[in-house]
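Just below is one structure, and these are the notes that go with it.
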Amino acid sequence: MKRVALIIATLVLLIVGSISTVYIVRKSKIKEQYVSSTSTSVLSFAVDDLLLDNISSVFPWNNKQPKTKESNSWIKRLVFDAGISIPARIHLFTIPSQKAEFYGILKLKNYDDCFSFFANFYPEAIDFLDKEKGIVSVVINKNIKLLFDYDNIVYKITTSGNADFKDLRALLLEKDKWVQIGSFKGFEDALSKKHIAYNEKNGALKLEATIKKTQTEIDGKWLLNKDLKTNFKIRDIDTTQQILTFWNVLPAEEIPLLTTFINSYTTLKPGQLEDDYFDLQISSQYSLQKDTSIAYTYDDDFNMMEEIQINEVNVPTITQAWKYNKILEASLPDALFYKFQKKQVGQYLISSTAEILPTRAEPQQTLYPLYFFVNFEDWPESWSISILKRLKEKKVKATLNATQEDIKTLTLKGKVTYSQ
């Protein structure tokens, strides 16, 4: 019995030692991963650490239902049989000409295995771009495209749906413009020990995230272009019973996405929104709206009769507010999926689906020039497209806030919680 126990203990030590050795060796090669020398930002994922820290952390929103045999086969073959070298930490990067797209570079262990994998799973999406150089293109879907040759695979993740491979071809052929992340000045923080890290080369934004079993914690630094004021004030907001709460008192040019969002449903042009204040709430309480329509019927003598019908419908209570501005008031639509009322209340312009608008709106101090909270557990059923249904099922809640560190720097803190 002692001999059996000794053999088992020895085997366990050998297995643990082997795993540790492989882990250390793979970890040491992280600095050798390639990115473009023109990279403006780097987003990285610690593959090995995610697996070793907690296997469930890698898939925090996975279904309890067993995966299909086809899904398991795809993942298994991608990792073990596709001839692709999966590093301990994957680095994605952006380039100046395509700031909204992320690119990646990986080494190939076996060209034939890689070709066989994609030919098997994507037979209609694989094509030779250059048979002499062995360059093959694959369209995984409208958001993921890749090229590979005998030595490397390059890929991009995009939201544009552009099927053009010119940028990937240039990236694959111009290998003299690749640089190892460990020697890339400006991206020293990309060699993070956290599960996820995002860094901009100019140092404007740094984010790190640690994924746990039922929550993800986010930390970051944000360097602004302008000096911050020290007295942040927001409209007196009732944050109870809110599905979503957001406010921003930072200069509009610091958050171009927010400006783009507002310009998309108003007649304002970029740069016209001068005030720095905006808040948005979606309440868990619904509002009753009345919709009037005209229907035509016929009497007994077949004379056409006009009838006015009033339909009542419950809609989500959405409230937006800006610093009052006459141009903005004129540009806000009266209907956007639902009917909106708009009104000047104190120094604010309020637009809402609510039947009754507030009569007072007093400013109050806040520590957070930027704040965001969303609770998908209470998300309106009428808005539940597939991805939102998934977030709702997993009871996802997310919070992100910014506090002032100095006149130009914000400290970011966030948390995302979810059920298993």
Side-chain angles (χ1 to χ4, degrees), residues 25-27 29-48 50-51 58 71 73-95 97-98 100-184 187 190 196:
V25 170
R26 283 173 56 81
K27 196 93 167 177
K29 293 182 178 181
I30 288 176
K31 295 181 179 181
E32 300 174 7
Q33 296 301 310
Y34 283 105
V35 296
S36 171
S37 60
T38 63
S39 297
T40 55
S41 66
V42 171
L43 174 65
S44 64
F45 302 86
V47 178
D48 289 9
L50 278 167
L51 285 168
V58 184
S71 175
S73 174
W74 191 93
I75 295 172
K76 180 181 177 182
R77 289 193 61 184
L78 175 66
V79 175
F80 296 106
D81 303 326
I84 302 172
S85 179
I86 307 295
R89 191 173 192 101
I90 291 177
H91 292 88
L92 305 177
F93 55 89
T94 59
I95 56 178
S97 60
Q98 304 288 345
E101 300 178 346
F102 278 98
Y103 296 81
I105 301 170
L106 296 173
K107 289 183 179 179
L108 280 192
K109 295 183 292 185
N110 189 297
Y111 177 85
D112 293 332
D113 287 347
C114 185
F115 187 93
S116 297
F117 172 82
F118 288 111
N120 180 48
F121 283 97
Y122 302 97
E124 297 180 0
I126 189 169
D127 191 21
F128 270 105
L129 288 190
D130 190 328
K131 288 188 177 181
E132 184 178 343
K133 296 180 179 179
I135 299 177
V136 178
S137 68
V138 185
V139 179
I140 303 297
N141 53 46
K142 66 179 182 179
N143 302 119
I144 303 176
K145 301 172 180 64
L146 61 90
L147 289 182
F148 62 90
D149 61 9
Y150 295 113
D151 301 309
N152 298 95
I153 182 169
V154 296
Y155 58 96
K156 70 174 178 180
I157 302 171
T158 176
T159 57
S160 67
N162 183 8
D164 199 322
F165 283 92
K166 289 182 180 179
D167 51 347
L168 283 175
R169 187 184 180 96
L171 178 64
L172 184 63
L173 295 177
E174 296 174 352
K175 296 181 180 179
D176 57 321
K177 294 183 179 179
W178 296 2
V179 60
Q180 291 183 332
I181 191 66
S183 58
F184 197 179
F187 283 111
I196 302 174

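Nearest approach of Pro87 to Asp48, heavy atoms of both residues: O-OD1, 4.5 Å. Minimum heavy-atom separation, Ala119 to Ile126: N-CD1, 3.9 Å. A pairwise comparison of heavy atoms in Arg89 and Ser44 identifies NE-OG, 2.9 Å as the closest pair. Smallest separation of non-hydrogen atoms from Leu92 and Gly104: CD2-CA, 4.1 Å. Residues Tyr122 and Val139 come closest through the heavy atom pair CD2-O, 4.5 Å. Minimum interatomic distance between Thr94 and Thr40 (heavy atoms only, all atoms of both residues): OG1-OG1, 2.6 Å.
A donor-acceptor pair under 3.5 Å is absent between the side-chain atoms of Trp178 and the main chain of Ile105, judged by distance alone. Counting only distance, with no hydrogens or angles, the side chain of Ser39 and the backbone of Ser41 share no donor-acceptor pair below 3.5 Å. Side-chain atoms of Ser116 come within 3.5 Å of backbone N or O of Asp112 as a donor-acceptor pair. Side-chain N or O atoms of Thr158 include none that pairs as donor or acceptor with a backbone N or O of Glu101 at under 3.5 Å. Side-chain N or O atoms of Lys131 include none that pairs as donor or acceptor with a backbone N or O of Phe128 at under 3.5 Å.
With sequence neighbours left out, Tyr155 forms a ring-ring contact (aromatic ring centres under 6.0 Å, His included) with no residue at all. Applying the side-chain contact (heavy atoms from CB on, under 4.5 Å) test to Ser137 and every residue at least two apart in sequence or in another chain returns Asp127, Leu129, Leu147, Phe165. Residues satisfying the side-chain hydrogen bond (donor to acceptor under 3.5 Å, both in side chains) criterion with Lys133, sequence neighbours excluded, are absent altogether.
Under 4.0 Å is where a charged nitrogen must lie from a carboxylate oxygen, and between Lys175 and Asp149 at least one such pair does. Ionic pairing of Lys29 and Glu32 is not present here: no N-O contact between side-chain nitrogen and carboxylate oxygen is shorter than 4.0 angstrom. The residues Asp167 and Lys156 are annotated as salt-bridged, a charged nitrogen and a carboxylate oxygen being separated by less than 4.0 angstrom.
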For a side-chain contact (heavy atoms from CB on, under 4.5 Å) check, start with the C-alpha distance between Asp151 and Tyr111, then their side-chain angles and the critical distance, and finish with the verdict.
CA-CA 7 Å; Asp151 301 309; Tyr111 177 85; over 6 Å; no
Working note: Ile140 + Lys145, criterion side-chain contact (heavy atoms from CB on, under 4.5 Å); need CA distance, chi angles, decisive distance, verdict.
CA-CA 6 Å; Ile140 303 297; Lys145 301 172 180 64; over 6 Å; no
Check the pair Val136, Phe115 against side-chain contact (heavy atoms from CB on, under 4.5 Å), reporting the backbone distance first and the verdict last.
CA-CA 8 Å; Val136 178; Phe115 187 93; 3.9 Å; yes
Check step by step if side-chain contact (heavy atoms from CB on, under 4.5 Å) holds for Ile181 and Phe187.
CA-CA 7 Å; Ile181 191 66; Phe187 283 111; 4.1 Å; yes
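Heavy-atom neighbours of Lys109 NZ from other residues, nucleotides or ligands within 6.0 Å: above the threshold of 12. The environment of Phe184 atom CZ is dense: over 12 non-hydrogen atoms of other residues, nucleotides or ligands sit within 6.0 angstrom.
Residues Leu108 and Phe148 are in side-chain contact: their nearest non-hydrogen atoms beyond the backbone lie under 4.5 Å apart.
Annotation: the span from Asp81 atom CG to Cys114 atom SG amounts to 12.0 Å, rounded to 0.5 Å. Put simply, CZ on Phe93 and OH on Tyr103 are 8.5 Å apart, with the number rounded to the nearest 0.5 Å. Note that CG of Asn110 and CZ of Phe117 are 13.5 Å apart. Values are rounded to the nearest 0.5 Å. The CD1 atom of Ile153 sits 4.0 Å away from atom CD1 of Ile84, with the distance rounded to the nearest 0.5 Å. The CD atom of Gln33 sits 7.0 Å away from the CG atom of Leu106 when rounded to the nearest 0.5 Å. Expressed to the nearest 0.5 Å, how far OG of Ser37 lies from CD of Glu174 amounts to 9.0 Å.
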